[in-house]
Amino acid sequence: MSAPLFLVEALPAADQLVLDGPEGHHAATVQRLRVGEELLLADGRGGTAAAVVTAVGRGTLDLDVVSRGYVDAPVPRLVVVQGIAKGDRGELAVQAMTEVGVDEIAPWAAARSVTQWRGDRGVRAREKWASTAREAAKQARRAWLPVVAGAPDESTTQVTRRIAGAAAAYVLHEEADERLATVPLPDAGEIVLVVGPEGGIDRAELDAFAEAGARPVRLGPSVLRTSTAGVAALSVLSARLDRW
């Protein structure tokens, strides 16, 4: 089994350190790491360090750093514009997409989103997405922590601008003629993938995205839930881009 990963604000400059705070508590109390066991530290921006536990305290670990590394950011960059869904479907989507390698998730206030993020509720909802992405990145042993965009969400106008500036953009739509498995992909830049909410994408939104340069695509004959469409599409892209 691979060594567990813990996220830190900055990697240590010294060869010894104390892992404390929430990550130290999780390592020492929840995962019960012991002296001699190995773990990974990551700053969420590509930097990594392998370390060995030398002592265990109450919610803390003493560590010796044994090696350091850096993982380049993936190219092209994969951005998913995720229509805000009701209940926990959005969080399920964020978790799964993070595990398969999404680089950025933009919560989208679509016309047919049943749930709308407004005021403090929206701020808390976005923070929940960010927390979900963080935990999923740790589970997946990712050196890069996905960005969760929005303040707290993005409007259709903002999404349209993002599409216009991307190297390529695709909108998942059940009536599309082209397949994501066969459309041309860029070698660099940003690929934007739009996933609608439960009610689908409004015709006016679809037209605006197409005018900005997005291509409607489908995955297959099945209509997937908003919580699974993004991860399925990312899986296709990851295989085609040799990430997998």
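None of the values given here were measured: they were computed from a predicted structure. Residue indices begin at 1 and follow the sequence shown.
Applying the side chain to side chain contact (heavy atoms under 4.5 Å, CB included) test to V30 and every residue at least two apart in sequence or in another chain returns H25, H26. Annotation: salt bridge (Lys or Arg N to Asp or Glu O under 4.0 Å) contacts of R142 (sequence neighbours excluded): D103. Partners of E154 according to the salt bridge (Lys or Arg N to Asp or Glu O under 4.0 Å) rule, which considers only residues two or more places apart in sequence or in another chain, are R162. Taking D187 as the reference, nothing meets the salt bridge (Lys or Arg N to Asp or Glu O under 4.0 Å) condition, with sequence neighbours excluded. Partners of A166 according to the side chain to side chain contact (heavy atoms under 4.5 Å, CB included) rule, which considers only residues two or more places apart in sequence or in another chain, are V192. Remark: E37 pairs with L33, R34 by the side chain to side chain contact (heavy atoms under 4.5 Å, CB included) rule, at least two apart or across chains. For S222, the side chain to side chain contact (heavy atoms under 4.5 Å, CB included) partners are L224, not counting sequence neighbours. Residues passing the salt bridge (Lys or Arg N to Asp or Glu O under 4.0 Å) test with R68 are D15, sequence neighbours excluded. For R118, the side chain to side chain donor-acceptor pair (under 3.5 Å) partners two or more places apart in sequence, or in a different chain, are Q116.
Counting only heavy atoms from C-beta outward, the side chains of V94 and Q82 never approach each other to under 4.5 Å. Taking 4.5 Å as the limit, some side-chain heavy atom of V217 sits within range of a side-chain heavy atom of L172. R121 is listed as a side-chain neighbour of T115, based on a closest heavy-atom distance under 4.5 Å. The side-chain heavy atoms of L41 and P12, taken from C-beta on, include a pair separated by under 4.5 Å.
Under the 3.5 Å distance criterion, the side-chain polar atoms of R218 are matched with a main-chain donor or acceptor of A176. A donor-acceptor contact shorter than 3.5 Å is absent between the side chain of Q95 and the backbone of L92. With hydrogens and angles ignored, the 3.5 Å screen pairs a side-chain donor or acceptor of R240 with a backbone N or O of V183. Using a distance-only test at 3.5 Å, with no hydrogens or angles considered, a donor-acceptor pair links the side chain of T226 to the main chain of G196. Side chain of S113 to main chain of G83: no donor-acceptor pair is present (N/O by atom type, distance under 3.5 Å, no hydrogens or angles). In terms of modelled atom types and a separation under 3.5 Å, the side chain of R243 and the main chain of L241 share no donor-acceptor contact.
Following chains of ILVMFWY side-chain contacts shorter than 4.5 Å, one can reach V35 starting from V65, so the two form part of one hydrophobic cluster. Hydrophobic clustering, with ILVMFWY side chains joined whenever heavy atoms are under 4.5 angstrom apart, keeps I163 apart from I191. Note on L193: it clusters hydrophobically with V100, by side-chain heavy-atom contacts below 4.5 Å among ILVMFWY residues.
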Expected list for residues 197-209: side-chain donor-acceptor pairs under 3.5 angstrom, two or more places apart:
from : atom 1 : to   : atom 2 : distance (Å)
E198 : OE2    : K86  : N      : 2.8
D202 : OD2    : A204 : N      : 2.9
E205 : OE1    : D202 : N      : 2.9
E205 : OE2    : A111 : N      : 2.7

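In terms of heavy-atom proximity, L11 sits nearest to G47 at CD1-C, 3.3 Å. Considering all non-hydrogen atoms of both residues, S238 and L78 come closest at OG-CD1, 4.5 Å. Closest of all the heavy-atom pairs between A109 and D153 is CB-OD2, 3.7 Å.
The stretch residues 119-178 participates, sequence neighbours left out, in these ring-ring contact (aromatic ring centres under 6.0 Å, His included) pairs: W117-W129. Applying the salt bridge (Lys or Arg N to Asp or Glu O under 4.0 Å) definition to pairs two or more places apart or across chains, those involving residues 123-134 are E91-K128.
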(request) Please step through side chain to side chain contact (heavy atoms under 4.5 Å, CB included) for the pair V53 and L19, ending with a clear verdict. (result) CA-CA 10 Å; V53 179; L19 182 65; over 6 Å; no
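Rounded to the nearest 0.5 angstrom, E99 CD and L234 CG are separated by 12.0 Å.
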